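Here's the structure, in C-alpha cells; my notes come after.
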Amino acid sequence: MSRDAAKARGEVFAPWLDENAEPLIRFDRVTKKFGDFVAIDDLSIDIYEREFFALLGPSGCGKTTLMRMLAGFETPTTGKIMLAGKNIGPIPANKRPVNMMFQSYALFPHLTVADNIAFGLKRSDMPKDQIAARVDEMLGLVQLKKFGGRKPHQISGGQRQRVALARALAKSPKLLLLDEPLAALDRKLREETQFELMDIQEKLGTTFVIVTHDQEEAMTVASRVAVMDHGQLIQVATPEAIYETPNSRYVADFIGDINLIEGAVKSVARDIAEISWAESMEPLRATAPEGLTKGANCCFAIRPEKVSISAERPEKAANALPGKVIDIGYLGNMSTYHVELANGQMVKAQVPNQNRLSRHAFTWEDAVWVSFTATAGLVLTA
Amino acid sequence: MGNTRRLFLILVPYSWLLLLFLVPFAIVLKISLSDSALAIPPYTPTLDLSAGWAGIKALFADFDFENYAWLAEDNLYWKAYLSSLWIAALSTLLALMVGFPIAYGMARAPEEWRPTLMMLVILPFWTSFLIRVYSWIGILGQNGYLNQLLEWLGLIDEPLIILNTPIAVYIGIVYTYLPFMVLPIYATLEKLDADLLEAAEDLGCSRFQAFWLVTFPLSRPGVIAGCFLVFIPVVGEFVIPSLLGGSKTLMIGKVLWDEFFANRDWPVASAVAVLLLLILIIPIVLFQRQQQRQQEAEQ
Ligand SMILES: Nc1ncnc2c1ncn2[C@@H]1O[C@H](COP(=O)(O)OP(=O)(O)O)[C@@H](O)[C@H]1O
Ligand SMILES: [Mg+2]
C-alpha cells in the first residue's frame, strides 16, 4: 500500500498513531560517547516502514552520528538499535540491509556511472544478467540512461547526486539513509530534487531517513520530522504539528519565523490564559495548554503570518497592541512589517501582497495596531 | 611584455636541460664514436677548433661505430644489460611489496603522527648514501650483526653467507630506494577519501574487498610513479652491486665503471652509457606519459 493509495481511500499515513504497528527501526535508550563527549544522549525513537523521516538540527547535534550507527559505522556505547525486530548491534555494516547515500556522494572515481551502480549488486548473489538489467532500471529511475558510460568527473553535480542515490537504492535496501543529500546543490536544483526524492520514495516504498540542517527541506519531504539538539530529540512530529504546535521555544525558534514574547501566567480561565509580559501593557490572551498553572514562567509564541496590522484598533480582537512601523521587508509575495510596541518589544507581521503595484498600506514611522486572535498564538513553557 | 615573460619562463627550463643534459650527452656520444688511445684525454680524434670548419669535418670523418659493434660482439655486455634489467625489475617488485604496506600504514595513522612518520622515511637521506651502504657490510657479513643475532637466538649454527651474493644486492637496493617507492604511494593513499571505503563496505564489501576494489586501484598512479622512480635509477646502479654484490653480480653500471676507471677505455664506456640511456628512454617516456595522463585526469 503506497501513501498515494492510502490517501485515495481517505486514510492518513500515520503508523506512529497505530499502537499495533511494528516499527522498522527502534532506538532503545541509545547513548553514544566519543571519549567523554556525549554525542547521542539516551535517545529512543521508533521509525516505521515507508516513512520519510527527517532528522533536523543544527550542525554538531549528532545527526550524522545517529545515521552512522544505523549504517553500522559506529556502535552505540549503551542501548540497542533494532531493525525489523532484530538487534543489529552485532551485524557489521556490509551485512545490513541498509544503504547510505553519503554527503560527499562517495562515488568511486575509477568506475563508470553504471559500474558505480552495479558495485553493490556485484557483491550480492544476484546473477550477472540480472545485474545489467537492474543497473539499467536504476539509471532509468534517476533519468541518467545516457550517462552510464561516463566517469563521475564527467557529469554535473546534480547528476552525481542522482548516481549516488541510484547506487544506494540498487540493492533494494529496507532502509535508505541520506546524509544531507542535497546540501551541495544550488537552491533551484535542490527544490526540484526534493520533489524527485519524494516521488522515488513513494514509488519504491522504501523507508528513507534523511539528515538535514535545512528546515524547509525537512518540512517539504518528510512524513515526520525529529528536531534534535545536543544529542537529544526535542520533538518528533509531522511537519504541520512541528510548525503549528512546537513543544518548546527551541523548536518554535528553529522552524520558520516566529515572534517570542517572554512573560508569566497571570490567570487561567476556561482554556484561556492571560499572560502578563510588560508593565503598562495589556496582558496577552491565548489558548492555555493543559496543565498550565498560574504564575508559571512562559513564552508566548506567534507566527508573523498570524498577526494582522491595521490603522485603527480592531473592535473584536482578543489581542490588540499599538506600535510604530520600523522596517518593511518586501518578499515579493509577502511583506513583513517590523513593528515596535510601546515598551520597545519588536513584533513581526506578515501580510500577503494581493494587488500588483498597490502601494504599501503602511509606511515607516506610521502608528499602527497589531492584533491576533486568542487561538493564533501558543503558550510555551519549555 | 607578456610574450617576453612567457619566452623567459620557457627558456629557463630549456637552458637548464640543454646545459645539464644535452651538452654532456653530446660529449659522451662523441666519445663513444671515437677510438681509444694512449693519450690525455685517452681517445682520438679530439676537436681542433683552431682548424675551423676543416677541423670539424676531419672530426666527423674519423667517427665510427666500432665501439657499438664491440658491445654486440662480447656477450659480457648484453648479459650485463639483461642482468641489470632483471635485478631492477625484481628489486622494484620487492620495494613495492615492502613499500606499499609502509605507505598504507602511514596514510591510515592518526593525522598528528603522519609528519613524524614521513620524517622517519626521509631521515636516511640525511646521512651519506655511501656510508649507509657500507654499514650493510657490517650487518650482512659473516661476523656481522645479523649473523650474531641469529646465532644468539639459536636459529642458526653456521653463519649465513649473504654478503657478496645477489641477496645482499637486493637488500641494499630495496633499503636504499624504499623512500622513492613509499612517498608517491603515500601521497595517493593520503588523498583517498575515507568515505569511499565506507561506501564500499556499505555496499557489501568486506574490508579486504574494499581494499582490493577501491584502495588499490585508486593508489595505482602512486604505485606506477614509485615503480618508475625505483626501476630507472636501479638499472644503472653500480655502488650497491660493487660493495655488496661481490664479483658474481653482473650489472651494467659496474661494467661501465670498470671500463672507465680500470680499463681507461673511455670510448667503450661511453658507448655502454649511450646504449643504457637508449634502453632507459622507453620506460622514461612511458613514465612521462603516465604523469601527463594523471594530471589530465585530475583536472
Ligand atoms: N569520531 C568522532 N570522534 C569524536 N567526536 C566526534 C566523532 N564523530 C562526531 N563527533 C562529535 O559528535 C558531535 C556530533 O557530530 P555529528 O553527528 O557529525 O553532527 P551533525 O551531523 O549533526 O552535524 C560533534 O560535536 C562531533 O564533533
Ligand atoms: Mg553531519
Side-chain angles (χ1 to χ4, degrees), chain A residues 64 67-74 91-112 115-126 131 134-135 138 151-154 160 163-173 175-180 184, chain B residues 96 100 103-104 107-114 184-228 286-287 289-299:
Chain A
T64 298
M67 189 154 274
R68 288 172 58 79
M69 286 196 286
L70 275 173
F73 300 127
E74 305 281 2
I91 304 177
N94 58 348
K95 298 266 160 46
R96 294 190 184 187
V98 173
N99 284 121
M100 177 145 165
M101 187 187 144
F102 289 74
Q103 185 169 359
S104 63
Y105 305 152
L107 297 178
F108 303 121
H110 58 301
L111 300 179
T112 62
D115 284 339
N116 262 282
I117 296 174
F119 192 90
L121 300 172
K122 286 183 184 163
R123 301 315 130 219
S124 68
D125 43 22
M126 186 182 266
I131 290 179
R134 178 73 180 157
V135 168
M138 296 318 292
K151 290 276 181 71
H153 69 267
Q154 294 167 325
R160 277 201 281 272
V163 176
L165 180 66
R167 186 180 70 178
L169 281 170
K171 289 179 88 174
S172 312
L175 173 65
L176 181 73
L177 306 171
L178 305 106
D179 191 356
E180 311 240 0
Chain B
L96 176 63
F100 196 101
Y104 186 76
R108 301 294 298 255
E111 205 149 337
E112 63 269 23
W113 291 15
R114 289 184 204 164
I185 297 177
Y186 169 70
T188 53
L189 287 178
E190 200 228 18
K191 272 193 301 189
L192 195 84
D193 184 359
D195 278 356
L196 292 179
L197 295 179
E198 288 195 341
E201 263 187 73
D202 187 65
L203 292 166
C205 284
S206 64
R207 289 270 160 87
F208 177 76
Q209 279 177 316
F211 172 84
W212 191 242
L213 294 167
V214 178
T215 309
F216 191 72
L218 287 176
S219 65
R220 233 183 54 192
V223 169
I224 292 175
C227 286
F228 279 120
L286 284 177
F287 178 56
R289 286 227 328 239
Q290 149 77 19
Q291 291 278 311
Q292 208 173 340
R293 234 181 307 161
Q294 192 190 330
Q295 256 172 12
E296 276 162 17
E298 273 167 15
Q299 275 159 13

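A, B, ... follow the sequence lines: proteins, then strands. Residue 1 opens every chain. The structure displayed is predicted, hence computed values, not measured ones.
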Identify the residues of residues 163-172 of chain A whose heavy atoms come closer than 4.5 Å to a heavy atom of chain B, ordered by number, or report 'none'. A:Arg167, A:Lys171

Mind checking whether [X] and [Y] have side chains closer than 4.5 Å, heavy atoms only?
X: A:Phe119; Y: B:Val214; value: yes
X: B:Glu198; Y: A:Arg68; value: yes
X: A:Leu111; Y: B:Pro217; value: no

What part of B:Ala194 lies closer than 4.5 angstrom to a heavy atom of chain A: side chain, backbone, both or neither? neither

Closest heavy-atom contact between [X] and [Y]?
X: B:Leu213; Y: A:His110; value: O-NE2, 2.9 Å
X: B:Cys205; Y: A:Arg123; value: SG-CD, 3.7 Å
X: B:Leu196; Y: A:Phe108; value: O-CE2, 3.4 Å

Using atom types as modelled and distance alone, determine if a side-chain donor or acceptor of A:Asn94 lies under 3.5 Å from a backbone N or O of B:Glu201. no

Please answer whether the main-chain N or O of B:Asp202 pairs with a side-chain N or O of A:Asn99 as donor and acceptor at a distance below 3.5 Å. yes

Can you say whether A:Leu107 sits under 4.5 Å from chain B via the side chain, the backbone, both, or neither, judging by heavy atoms? backbone

For atom CD of B:Glu111, is the number of surrounding heavy atoms from other residues, nucleotides or ligands below 6.0 Å larger than 12? no

In this structure, CG of A:Asn116 is separated from CG of B:Leu203 (nearest 0.5 Å) by 9.0 Å

